[in-house]
Structure formats: structure tokens, C-alpha cells
Amino acid sequence: MAAEKTKSQGPTIRITQKLLESLAGRSVEDQPIRKAAYHRANQSTPPRGQLESRQQEAGASQIVQSVQRADLVDTINYGNLLLKHEERELQQVEAFAEDLLKRNESRAQRTEALCEKEKAACHLCYKENEKDLSKCADVVKEYSTCAQSAHKVYVQRDK
């Protein structure tokens, strides 16, 4: 039925771009040339405003990259300077720590050995004479004299 309706309506007119251009008075022969030129113009090169915009973006991108490279170089140089400074500081701290250790070692050795005999004698006397500690008075006096002389030596050395 659909085919019968089409036949009964009369001839079919197909409207194409060629028909429209020929009705407008344009030559149908140069149409393929115009189409090719139109496609080349639209596909290969953007309009002038877009081209300038893309060039500006590319220029800005290059500037940003060069600034980033310069910043990176500056950062690396600054980091190297900090490392050199850190090395010097570390050497100074190590030298200071070594000096302190030497001073304290000599003090520790002296204080450990100072009055050890007198101290041991005092403890022994107290153990042997638990009931009458007055018998240890001479030993305690020797220990006290030793401690006082060691204190004087220590105080005079630090002056």
C-alpha cells in the first residue's frame, strides 16, 4: 500500500546541494573545487584568531617551562649550598662533641678512682663494727679528707 500511495502522489523531487547551487546561478562545475578548498581551510589551519591564540598559548607555555627550569636550577643550587653549610655545621658539632667527651672522660676516670680505697675501708669498718661505729672514726676522717681534697682539685681545675 505504501508503494501505491507514492505512485499516486506523482513524481518525486530530490533536493540536493547541486540543485540548490544551480538554481542560485552558481556553476556546478567548480563545486568540487570549492568543497575541497573549504575542507582544507577548515581542517588544516584554524581561523586567524584561533591561530594567534594557539601561538600565544604556545609562547606562554614555553615561558612557563623556562621559568620552571630556572626555578629548578635555582632550587638545586640552593640545596647544594645548604648541603655544604650542613657539612660544615656537622663538622663543628662533631668537633665540639669530641672535645666534650674528652673532657668528661678525664673527669669520669678521675672521679671513679678518687677515694675508692678510703670508701671501701669505711664500708668494711662499718660491717665489722656494727655495734660500735665509733671505732671507725679515724677511717671516716681519712675518707672525708680525701673527698675534700678531690673537691678542691676539681673546683680549681674548672676556674
Side-chain angles (χ1 to χ4, degrees), residues 14-128 133 136-159:
R14 197 166 167 208
I15 300 173
T16 62
Q17 189 173 355
K18 276 185 182 181
L19 176 63
L20 292 174
E21 287 183 2
S22 68
L23 290 173
R26 294 184 188 157
S27 172
V28 180
E29 294 171 3
D30 22 36
Q31 180 189 359
I33 297 171
R34 275 195 230 137
K35 271 188 179 178
Y38 175 77
H39 285 295
R40 273 194 310 264
N42 284 335
Q43 290 176 358
S44 63
T45 56
R48 186 174 187 96
Q50 285 181 351
L51 182 62
E52 291 172 355
S53 175
R54 286 184 187 171
Q55 288 173 343
Q56 288 173 351
E57 288 174 6
S61 175
Q62 288 175 347
I63 290 171
V64 168
Q65 288 176 352
S66 66
V67 168
Q68 287 174 341
R69 274 190 235 115
D71 286 345
L72 182 61
V73 168
D74 289 345
T75 302
I76 290 170
N77 289 337
Y78 187 69
N80 289 335
L81 288 173
L82 286 174
L83 287 174
K84 287 179 184 176
H85 182 69
E86 182 182 19
E87 288 173 13
R88 277 186 262 138
E89 290 288 322
L90 184 61
Q91 289 172 352
Q92 289 175 350
V93 167
E94 286 175 349
F96 182 70
E98 194 173 308
D99 186 44
L100 283 176
L101 287 173
K102 284 180 183 176
R103 284 190 216 165
N104 286 333
E105 282 176 8
S106 64
R107 286 182 187 170
Q109 288 171 356
R110 279 190 233 147
T111 54
E112 288 174 9
L114 292 177
C115 305
E116 280 296 315
K117 291 178 186 174
E118 291 82 356
K119 180 180 174 184
C122 192
H123 283 283
L124 182 64
C125 184
Y126 284 149
K127 281 184 183 178
E128 291 175 352
L133 296 178
C136 299
D138 291 336
V139 178
V140 171
K141 189 171 186 174
E142 287 177 25
Y143 183 46
S144 175
T145 305
C146 179
Q148 287 175 359
S149 64
H151 183 264
K152 286 178 185 176
V153 170
Y154 178 79
V155 171
Q156 289 176 354
R157 186 189 65 200
D158 285 343
K159 285 184 179 181

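This is a predicted model, so every value here is computed, not measured.
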Can you list, pair by pair, the side-chain donor-acceptor contacts under 3.5 Å of residues 66-92, counting residues two or more places apart and other chains?
unit_1	atom_1	unit_2	atom_2	d
S66	OG	Q62	O	3.4
S66	OG	I63	O	2.8
T75	OG1	D71	O	2.8
N77	ND2	V73	O	3.4
N80	ND2	I76	O	3.4

Could you pull out all residues at least two apart from D138 that satisfy side chain to side chain donor-acceptor pair (under 3.5 Å)? none
Spatial distance of atom CD (E116) from atom SG (C146) [nearest 0.5 Å]: 9.5 Å
For C122, disulfide (SG to SG under 2.5 Å) partners two or more places apart: none
How close do E118 and E142 get, heavy atom to heavy atom, and via which atoms? CG-O, 4.0 Å
Between the NZ atom in K117 and the OH atom in Y143, the distance rounded to the nearest 0.5 Å is 14.5 Å
Student check: side-chain heavy atoms of V139 and Y126 closer than 4.5 Å: no
List the atom of A147, the atom of C115, and the distance in Å for their closest heavy-atom pair. N-SG, 3.5 Å
Please examine the side chains of E98 and E94, heavy atoms only from C-beta on, and report whether any two atoms are closer than 4.5 Å. no
